[in-house]
Number of protein chains: 2
Amino acid sequence: MISIPVLTLKRLPQYLELLYGFEQEGQDTISATRLAELTGVHMTQVRKDIALTGVVGIPKVGHKIKDLIESIESCLNWKDLSSAFLVGVGRLGSSLLGYSELKRKGLNIIAGFDSDPAVAGTLVDGVIIHSMDKFADLCRRMKVHIGILTVPADQAQATAELMVESGILAIWNFTSALLQLDEKIIVEDMDMSASLAVLSRRLSEKYESDSEPKRKTKNYKNKIDQEKQ
Amino acid sequence: MISIPVLTLKRLPQYLELLYGFEQEGQDTISATRLAELTGVHMTQVRKDIALTGVVGIPKVGHKIKDLIESIESCLNWKDLSSAFLVGVGRLGSSLLGYSELKRKGLNIIAGFDSDPAVAGTLVDGVIIHSMDKFADLCRRMKVHIGILTVPADQAQATAELMVESGILAIWNFTSALLQLDEKIIVEDMDMSASLAVLSRRLSEKYESDSEPKRKTKNYKNKIDQEKQ
DNA sequence: CCTCAATCGCTACAAAAATATCGAAATACT
DNA sequence: AGTATTTCGATATTTTTGTAGCGATTGAGG
């Protein structure tokens, strides 16, 4: 199975979003050129991305929308549902449990877990919540390989280690913690900080363009001298 | 103001996260080499990233943690709070309102808005919720420039347009919709789909390595013929 | 006081990604 | 039917990003 570049993977869902829209409008075909206009991605880039999913288009016509959706979905493995466990049923965790979109994207959260005994046994959006001590056993028995981490940051590392011991192979990390795990575990950070960082910086680059950059001192002596003053 | 590469911007919060930890442990200095080990980023890359923030380190010692934190935070504009409005007080929106971390990262959500009249006037985590029709006026009067978009996907485009008309310059988009707005508006997508796509694909690349890739047909005739069958 | 080891930051190099260019194929229009 | 136009997909070029290597600088230890 060929390895698809990360940046391409991140663009594919964008195309897909547009394609769903066109499909509902009853459209039949779409050109790479048009997709490029709508996403802001360069048209040759769109072609490359599409090529990686393995579909071929028809000159003058474009691509059949149905084929394209099919191809991207199967490329992202969104066609068949993967089971996942979610740990940390706080507000963020709860909102994920109620986010039906995930099922359409191949992720089926079949149970939630929380260290708070009060929530154990309850249902959140139809999903059963267990106490933490059941995690390892259920995980092994049900052969679940995806873990969703929505605990407070200070419990993230410990929880992640428990997940790995219990047979989890991929962790979707919603905490700001940097997980230190075995190399072979797939960790995907859904980090708000990273996104916010880009937003913040771009905003200040654009609208606070004065404030000259600090002159970098080239020699260490100067640095020390400055500090002593 | 120099433009910092996106990928660097996304790594900076990671370093910061580690630095906060070291600071609490009472550590005074840190080397780029050590940061590299912990983040998995190559050590020369860490040095480049750090250089972009404008600090200089001391050979043999490394960087003063306090200086480094200071420098990264001011680089990301996390030192002074920017005001923001949040639209869409559903579960996701609510969880953001209660996420105190954001204030530490320079984002101050000063009000929420929702089209549901039932929630108007209530407080969610101490933040007042208004009805949508107040948005434009308040936004202009309070000179708020950042909008957080947590409405259902089908209302995303319309809401975003309202934001822009009201003077919003940057939108943090939590919906899966692709916003079509004026080029000069900064849009940062906090897209779960993109993240999930990477996770899904990486998992199948690793553990379902069979299933040979479809052979791409190089000529269009073949394609048509196949379809006719 | 002098050598050694560690770290910094600069410059050059390599890899990857994005963009431009080109020929081939297919529909639509004359 | 023939030509023009659109779109595909492959190849090249440019740009961006990541990696490696080097000399310079500092603190520690003999």
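All of these numbers come straight from a predicted model, not from anything done at the bench. Order of the sequence lines fixes the chain letters, A, B, ..., with proteins taken first and strands second; residue numbering starts at 1 for each chain.
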Would you please name every residue forming a salt bridge (charged side-chain N to carboxylate O under 4.0 Å, His left out) with B:Arg91, sequence neighbours left out?
-> A:Asp125
Name all residues meeting the salt bridge (charged side-chain N to carboxylate O under 4.0 Å, His left out) criterion together with B:Arg140; count only those two or more places apart in sequence or in a different chain, and write none if there are none.
-> none
Specify the residues of residues 10-20 of chain B, ordered by number, for which at least one heavy atom lies under 4.0 angstrom from an atom of DNA chain C.
-> none
Whole Å only: how far is the [atom1] atom of [X] from the [atom2] atom of [N]?
X       : N      : atom1 : atom2 : value
B:Leu7  : C:dA17 : CG    : C1'   : 11 Å
A:Lys64 : D:dC8  : NZ    : P     : 15 Å
A:Asp67 : D:dC8  : CG    : C1'   : 15 Å
B:Arg34 : C:dA6  : CZ    : C1'   : 15 Å
B:Ile50 : C:dC10 : CD1   : C1'   : 15 Å
A:Asp49 : C:dA17 : CG    : P     : 11 Å
B:Gln45 : C:dG9  : CD    : P     : 15 Å
B:His42 : C:dT7  : NE2   : P     : 15 Å

Spell out, as yes or no, whether a donor-acceptor pair under 3.5 Å connects the side chain of B:Ser31 to the backbone of B:Arg34.
-> yes
Tell me every residue that passes side-chain hydrogen bond (donor to acceptor under 3.5 Å, both in side chains) with [X], counting only those two or more places apart in sequence or in another chain.
X        : result
B:Thr44  : B:His42
B:Ser94  : none
A:Gln180 : none

Ordered by number, residues from residues 181-195 of chain B within less than 4.0 Å of DNA chain D (heavy atoms) are none
With side chain to side chain donor-acceptor pair (under 3.5 Å) as the rule and sequence neighbours excluded, what pairs involving [range] come up?
range                       : value
residues 143-159 of chain A : A:Gln157-A:Glu161
residues 17-27 of chain A   : A:Tyr20-A:Glu73
residues 190-199 of chain B : A:Lys105-B:Ser193, A:Trp172-B:Ser195, A:Glu188-B:Ser195, B:Asp191-B:Ser193

Contacts of type ring pair (Phe, Tyr, Trp, His ring centres under 6.0 Å), residue B:Phe22, not counting sequence neighbours = none
Could a donor-acceptor pair under 3.5 angstrom be found where the side chain of B:Lys48 meets the base of C:dG9?
-> no
Nucleotide by nucleotide, 5' to 3', does protein get under 4.0 Å of the base (B), only the sugar-phosphate (S), or neither (-) in nucleotides 2-7 of chain D, counting heavy atoms?
-> ---BBB
So, do B:Leu52 and B:Lys48 sit near enough that their side-chain heavy atoms are less than 4.5 Å apart?
-> no
Would you mind telling me which of D:dG21, D:dG18, C:dT19 lies closest to the side-chain atoms of B:Thr44?
-> D:dG21
